[in-house]
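These notes concern the structure reproduced below.
The chains referred to below are lettered A, B, ... by the order of the sequence lines, with proteins before strands, and numbering in each begins at 1. The basis for the numbers below is simple: all heavy atoms, side chains too, and nothing from hydrogens, waters or symmetry mates.
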Amino acid sequence: MWNKTTSDTQFYYGIIGHDALLVKQIDTTSIEVHCSSNKLQGLPIDDFIRRYLTLDIEIGTVFRRGFADHYPDVWAIARRYLSVRVMRQDPFETMVTFMCAQGIGMGLIRRQVSMITERYGEELEVNTDFGSLRLHTFPSPSVIATADVNDLARCTNNNRIRAANIIRMARSFESGSMALACVQSGECPLETLRDALCVHSGIGLKIADCIALFGLGRFDAFPIDTHVRQYLQEWFGIEAARRSLTERNYRYLQDEARNILGEEYAGYAGHILFHCWRKEIRKMNTF
DNA sequence: CTCCAGGCAATTG
DNA sequence: CAATTGCATGGA
C-alpha cells in the first residue's frame with residue numbers, strides 16, 4: 001500500500017517486503033527515487049520497479065485496436081487515464097486487503113490495512129530529509145496464521161468473521177496449498193486459479209478476480225463490483241448489468257466485457273475504466 | 001434513524 | 001442449478 005506524506009512537498013512511500021521505496025518530487029522537472037536496499041526481492045532496483053509498476057506492459061496494447069473506433073465517447077474520457085498502472089503487488093498482501101474490502105468504503109479498507117501493518121508488521125525506521133518515518137512491513141502469512149481472532153478483529157472493523165476468514169486463509173498459505181496456487185497462477189486457466197482461491201471462506205468470485213489481477217499479475221482477470229457493473233451498463237449498454245450480480249450474471253457480464261475489451265488485458269483495461277468512472281462520472285476523490 | 005460502502009454464504013424455489 | 005435473502009460494521 002502506498003501513502004503520501006502530509007508535508008507540502010510531494011513525497012510518496014511504500015513498503016516492499018522489508019524495504020522502503022520512497023519517491024520525492026524535488027522540483028517541477030525531477031524526482032528522487034530512494035530505496036533502502038539496492039535490491040528488491042532479488043532484483044536490481046530498476047528491474048524491480050519496472051516489473052512492480054508493470055512498465056513492461058505496453059499501454060498502447062492494453063486496449064485492443066478498434067476500441068477507440070467502436071466506443072469513441074468512452075475513449076474520449078478513458079484516454080486521459082492511460083497513465084494508470086495496475087501494480088504487481090504481493091499476493092498475500094493483496095489477499096488480505098481484498099478480503100477486507102467487502103461491503104465497505106475505501107476509507108475503511110485503507111484503515112483496516114494500516115491497522116494490520118501497525119499491529120502485526122515489523123517496524124521500519126526510514127530516514128528522509130524530513131526526518132525519520134516510522135513505517136511497518138506487511139505481516140507474513142505465518143504471523144497472521146497465529147494471530148488471535150479477537151485481536152485481529154480490532155483491525156478489521158471489529159468484524160470477527162472477517163478476521164477468522166483471514167486467519168484461515170493465512171493458515172492455508174502456510175500449509176503450502178495457497179502458495180502452490182500462487183506459483184502455478186501464471187500459467188493455469190483463470191477458472192482453475194479462481195477455484196483454488198474460492199475454496200476459502202470469505203473469497204468469492206469478485207475477490208478472487210481481484211487477487212488474480214492485482215496480486216498475481218493475471219491481467220486477463222476481470223473483477224466486477226458495483227462500479228464496474230454501472231459502467232458496463234452506462235458506457236456499453238449492457239442491459240444485464242442492471243440486474244444484480246448473481247454468479248450467473250457475473251459470469252455473463254465477464255463474457256460481455258471480454259468481447260469488448262479482449263481476452264489478454266481485459267482486467268487491466270477494466271481497471272483503467274473503473275478508475276475513470278469513479279473519478280469522472282461519480283466525482284469520487286477517495287482512492 | 002436510514003442508507004450506503006470495490007460481496008459472500010446460507011437458504012430457498 | 002439459480003435466484004433471493006441475511007449478514008456485519010462504521011460512517012455520512
Under a 4.0 Å N-O cut-off, is there an ion pair linking [X] with [Y]?
| X | Y | result |
| --- | --- | --- |
| A:R134 | A:E123 | yes |
| A:R251 | A:E191 | yes |
| A:R218 | A:D209 | no |
| A:E280 | A:R80 | yes |

Per [X] side chain, nearest of listed nucleotides [options]:
| X | options | value |
| --- | --- | --- |
| A:N159 | B:dA5, B:dG7, C:dA8 | C:dA8 |
| A:R248 | B:dG7, C:dG10, C:dA3 | C:dA3 |
| A:I207 | B:dA5, C:dA8, B:dC8 | B:dC8 |

Sugar-phosphate only, base, or nothing, as touched by [X] at under 4.0 Å among non-hydrogen atoms:
| X | result |
| --- | --- |
| A:Y250 | nothing |
| A:I161 | sugar-phosphate |
| A:M99 | nothing |

Interatomic distance where [atom1] belongs to [X] and [atom2] belongs to [N] [whole Å]:
| X | N | atom1 | atom2 | value |
| --- | --- | --- | --- | --- |
| A:R251 | B:dG7 | CZ | C1' | 15 Å |
| A:R243 | C:dA3 | CZ | P | 7 Å |
| A:F98 | B:dC8 | CZ | P | 11 Å |
| A:R282 | B:dA5 | CZ | P | 6 Å |
| A:N165 | B:dA9 | CG | P | 7 Å |
| A:E247 | B:dT11 | CD | C1' | 16 Å |
| A:L245 | B:dC8 | CG | P | 9 Å |
| A:Y252 | C:dC1 | OH | P | 22 Å |

- Message: For the CZ atom on A:R258, are there more than 12 heavy atoms of other groups (residues, nucleotides or ligands in this structure) within a distance under 6.0 Å?
- Response: yes
- Message: According to a hydrophobic-cluster definition based on side-chain heavy atoms being under 4.5 Å apart (Ile, Leu, Val, Met, Phe, Trp, Tyr only), do A:Y265 and A:Y71 belong together?
- Response: yes
- State yes or no: do A:V84 and A:M284 share one hydrophobic cluster built from I, L, V, M, F, W and Y residues joined by side-chain heavy-atom distances below 4.5 Å, directly or via other members? no
Would one find a side-chain N or O of [X] under 4.0 angstrom from OP1 or OP2 of [N]?
| X | N | answer |
| --- | --- | --- |
| A:T246 | C:dA3 | yes |
| A:N158 | C:dA8 | no |
| A:R111 | C:dG11 | yes |

- Task: Would you please indicate yes or no on a ring centroid separation below 6.0 angstrom for A:F214 and A:H271?
- Result: yes
- Task: Taking only heavy atoms on the protein side, list every residue of residues 192-205 of chain A lying under 4.0 Å from any atom of DNA chain B, sorted numerically.
- Result: A:H200, A:S201, A:G202, A:I203, A:G204, A:L205
- Query: When rounded to the nearest Å, what value does the distance between P atoms of B:dC8 and C:dG11 take?
  - Reply: 23 Å
- By side-chain contact (heavy atoms from CB on, under 4.5 Å), A:R171 pairs with (sequence neighbours left out) A:A145, A:I167
- Task: Taking only heavy atoms on the protein side, list every residue of residues 226-239 of chain A lying under 4.0 Å from any atom of DNA chain C, sorted numerically.
- Result: none
- A:D56 and A:R88: CA distance, side-chain angles, deciding distance, salt bridge (Lys or Arg N to Asp or Glu O under 4.0 Å) verdict: CA-CA 11 Å; A:D56 56 320; A:R88 287 188 180 94; 3.0 Å; yes
